[in-house]
2 protein chains.
Amino acid sequence: MIEQAVDAVDGDRLRADLEANAEFGALDVEEGRGRTVLPGTEADRRCRERFVDRLEAAGLDVRVDRVGNIVGRYVPPGADPMAPAVASGSHLDSVPRGGIFDGPLGVYGALEAVRAIDASGCELARPIEVVSFTDEEGHKFGDSLIGSAVATGSMTPEEALALTDDTGETMREGLERIGFAGDGVLDARAWEAMLEVHVEQGTRLERAGVPAGIVTGISGQTRCRIEITGETDHAGVTGMDERTDALAATATLVSGIEALARRIDTERGTTVATVGKLEAEPGAINVIPGRARFTVDIRDTALEPIERILEAIETKLEALEAERGVETVLDRLYTVDPVPMADSCQDAFAEAAGEAGIGSRSIHSGAGHDAMLVASVTDAGMLFVPSRDGRSHSPLEWTDWDDCTDGIRLLTGALTRLAGE
Amino acid sequence: MIEQAVDAVDGDRLRADLEANAEFGALDVEEGRGRTVLPGTEADRRCRERFVDRLEAAGLDVRVDRVGNIVGRYVPPGADPMAPAVASGSHLDSVPRGGIFDGPLGVYGALEAVRAIDASGCELARPIEVVSFTDEEGHKFGDSLIGSAVATGSMTPEEALALTDDTGETMREGLERIGFAGDGVLDARAWEAMLEVHVEQGTRLERAGVPAGIVTGISGQTRCRIEITGETDHAGVTGMDERTDALAATATLVSGIEALARRIDTERGTTVATVGKLEAEPGAINVIPGRARFTVDIRDTALEPIERILEAIETKLEALEAERGVETVLDRLYTVDPVPMADSCQDAFAEAAGEAGIGSRSIHSGAGHDAMLVASVTDAGMLFVPSRDGRSHSPLEWTDWDDCTDGIRLLTGALTRLAGE
């Protein structure tokens, strides 16, 4: 029966859904295909309304919670309606000028999987819920993963609804205006498990020539801000031995961070460290910078290498103080623990891949996703499909339609397994 | 007779002049003593009017040229009024929130020297001219050394007068408003020689415990802008081996420039290279910078080490392209040749120092001054006095009054020598 459900996945129907969804907030771009769908906007309203229509057209019961999370519920033949459901989904919002796959593939893919399961007549033990979480990207209200944070209890609905955008409008007002301020709160703790299909946003699958990546875990991360203070001086009259150049001191640290992350990553394959933002003050061509401020973002699937890099940074800062006479301040902004994906979910994907004859490999996720928060309350799993050139958050984001279909076939197989054939 | 002139230098009178001048555009600061005197402002008017009063009170003939350069002429007993004059001076304008010595010491010091020479009754062969050049700092009209550029023919008075400030007002309008748009053009070519006393703006004299620095030359410089382009990517999902980080590439170059300049400076003592401005784009904590732009300012008293550093930068850029896959563009903005000070002027200062028993040493200037432009048309010399902690362009700029007096005593001795005792 699983095989029939997997075979019933209709790539053309999935593609039609994704292409129709891509019209909302569509960008006029020369290359690629982009969209901007920010929560509470007209594009978001139309995007959500069509999704609800499609859920209902497939015979699912739709509910919308207080923060706009949308759930379509399917009770398969033979299932116990009281049993904890297996869920699958992702998000429909995008970053500004984002791509058409990041989020919608996981949402419409879950719907396609349910349609395929339904078409196969497969008898299962548990209900299946298709979910679209509100505001995963976080570009409007300043915080990301809002819908899944509320559904997993890490944020209250009141906190979420009180978030304001740049114009001072609250999320509550935005959701009310577009008609998606619903009732109750989606409770992810009630789920047996949750699966999310997402584009990789990196090049590992493409380079390996493998269409599916079974996510082992989501990297933890530490972010910090560092300020190095030297002395602002005249670039002409201050000799090389007289200056305390904050930027030159910073440069050695930026190089050192990259070199160390590379070295550790050579062993692990999961380590990244990035200096993304750097400002030198006062920033004039003929003035030695007296201050430099920069950020460091360190990620790994384990905390130990993150801490190792952070300790090396602290040691280097002390050395810079001693050797160069600068003052340094390291402000650790926050740390997010790594999140392993549930073995049950990884196994379900792996068995589905084996059965369908679709190549897969283990992969980690360097970025956060809704499933990361869900993993704190129930079993969660993720499947990555290849991103052309690793592009994402851009109109150049692309996943071949065949890869989309293969991914949803694996999702279908895994969902039927987890919902108990 | 020279000795009597030198002995007639009145440090208290000089100090009174400098302190009175410091009132124009005075800042209300907690520490130090600062002023803002930008060309064409009310502070500039009052500053200039008092200077003219003081020139006239000393019996000098005053003229103001089209671009506001002010000259007070003294014809000593026995001098041929038709002989080329020996000049001395500097500028009265300041940077925004600048110090009280940078410029005025050279202007009022020249006046004090003339008063001392006059008081001594010294017979000399040539007239002496005390000069204040318009807009040396260049913070209002976008170009520096305006007055001396016009006086040396490197800029026409029409070009200078047409310069506009941020509000669109021309220098001509500014000078007319304050009543300092005069007649004719000061011609530095007519001078036999020109001497400028200035604060060092570095720490070499202070560290050496020497009150006077006889400037051997003014550094040449090259400025360039470099752009390094990599790929903007997600800091979490892009592995260390997948990224083309423009900022990490830049950091190695910034470190390399500092290290090379230090090495060359160890041999020469005159080499500096500075990365003063650096911007990383897009500049987000979780995004790998796809582009970095920065500036390099390289100076030395000879062109060869400047070119050597520039060639090393070009070689390093090629290596970064080959090793890291970045694209690089180096835009050489301009090059200013080093300017040696005339032997005649250096000798005059050295002899004066020997006779007065004031310690002196040779020193180079890393920054441009009015005398740098004058050196292109006649003999020019500079004398530096110590800057406490090397501070300048700041209310913390300070030179002890005794050092000011010693500097002007040396100027007096050098002027009487050059004017032909």
Side-chain angles (χ1 to χ4, degrees), chain A residues 200-204 207 219 221 223 225 233-243 245 247-248 250-255 257-258 261-262 265-266 269-280 282-289 292 294-297 299 333 365-368 390 392-393, chain B residues 200-204 207 219 221 223 225 233-243 245 247-248 250-255 257-258 261-262 265-266 269-280 282-289 292 294-297 299 333 365-368 390 392-393:
Chain A
E200 182 197 344
Q201 307 178 285
T203 60
R204 289 163 297 169
R207 286 189 297 159
S219 290
Q221 62 175 292
R223 287 184 180 178
R225 212 166 14 215
D233 278 309
H234 189 296
V237 302
T238 313
M240 295 307 293
D241 56 343
E242 297 173 286
R243 51 182 70 193
D245 184 332
L247 181 57
T250 296
T252 68
L253 185 52
V254 172
S255 295
I257 290 169
E258 187 202 38
R262 276 187 180 172
D265 183 53
T266 303
T270 51
T271 316
V272 288
T274 307
V275 176
K277 193 170 180 177
L278 190 155
E279 292 162 347
I285 190 168
N286 62 340
V287 179
I288 298 163
F294 59 103
T295 60
V296 190
D297 176 309
R299 310 193 194 197
L333 301 175
S365 173
S392 187
H393 287 190
Chain B
E200 182 197 344
Q201 306 179 286
T203 60
R204 288 165 296 168
R207 286 188 298 159
S219 290
Q221 62 175 292
R223 287 183 180 179
R225 209 163 20 212
D233 278 309
H234 190 295
V237 302
T238 313
M240 293 308 292
D241 56 344
E242 296 174 288
R243 51 182 70 191
D245 184 332
L247 181 57
T250 296
T252 68
L253 185 51
V254 172
S255 295
I257 290 169
E258 188 203 37
R262 276 186 181 174
D265 183 54
T266 302
T270 51
T271 317
V272 287
T274 307
V275 175
K277 193 171 179 176
L278 191 155
E279 294 163 346
I285 192 167
N286 62 341
V287 179
I288 298 162
F294 59 103
T295 60
V296 190
D297 176 310
R299 310 194 194 194
L333 301 175
S365 172
S392 186
H393 287 190

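Reminder, nothing fancy here: chain letters follow the sequence lines and each chain counts from 1.
One finds the NZ atom of B:K277 at 13.0 Å from the CG atom of A:L247 (value rounded to the nearest 0.5 Å). Summarising the geometry, atom CG belonging to B:N286 is positioned 8.5 Å from atom OG1 belonging to A:T295; distances are rounded to the nearest 0.5 Å.
For a residue to count as touching a neighbouring chain, one of its non-hydrogen atoms must lie under 4.5 Å from one of that chain's; by this rule A:L333 touches chain B with the side chain only. Residue A:D265 touches chain B through its side chain alone, counting heavy-atom pairs closer than 4.5 Å. For A:A292, no part lies under 4.5 angstrom from a heavy atom of chain B. For A:R299, the part sitting under 4.5 Å from any heavy atom of chain B is the side chain, from C-beta outward, and nothing else. In this structure, no portion of A:S219 lies under 4.5 Å from any heavy atom of chain B. Interface remark: A:A284 contributes backbone atoms only to the contact with chain B (heavy atom separation under 4.5 Å). A:V287 touches chain B through its backbone: at least one of N, CA, C or O sits under 4.5 Å from a heavy atom, while the side chain does not. For a residue to count as touching a neighbouring chain, one of its non-hydrogen atoms must lie under 4.5 Å from one of that chain's; by this rule A:T271 touches chain B with the backbone only.
For chain A, the option among B:E200, B:R223, B:H234 with the highest count of heavy-atom pairs below 4.5 Å is B:R223. Heavy-atom pairs under 4.5 Å with chain A were tallied for B:L278, B:D245, B:T270, B:L253; the largest tally goes to B:L278. Counting heavy-atom pairs closer than 4.5 Å to chain B, the top-ranked of the candidates A:S365, A:G202, A:P289, A:P282 is A:P289. Between chain B and the options A:T252, A:V254, A:I285, A:I257, heavy-atom pairs under 4.5 Å are most frequent for A:I285. If you tally non-hydrogen atom pairs under 4.5 Å between each of A:T238, A:V275, A:D233 and chain B, the highest count goes to A:V275. Most heavy-atom pairs under 4.5 Å with chain B: of the set A:A280, A:A248, A:S392, this distinction falls to A:A248.
Every side-chain hydrogen bond (donor to acceptor under 3.5 Å, both in side chains) that A:R243 has, sequence neighbours left out, goes to B:T274. With sequence neighbours excluded, the residues that form a side-chain contact (heavy atoms from CB on, under 4.5 Å) with A:T203 are A:E206, A:R207, B:E242.
Of all the heavy atoms in A:V272 and B:G239, the pair that sits closest is CG1-CA, 3.9 Å.
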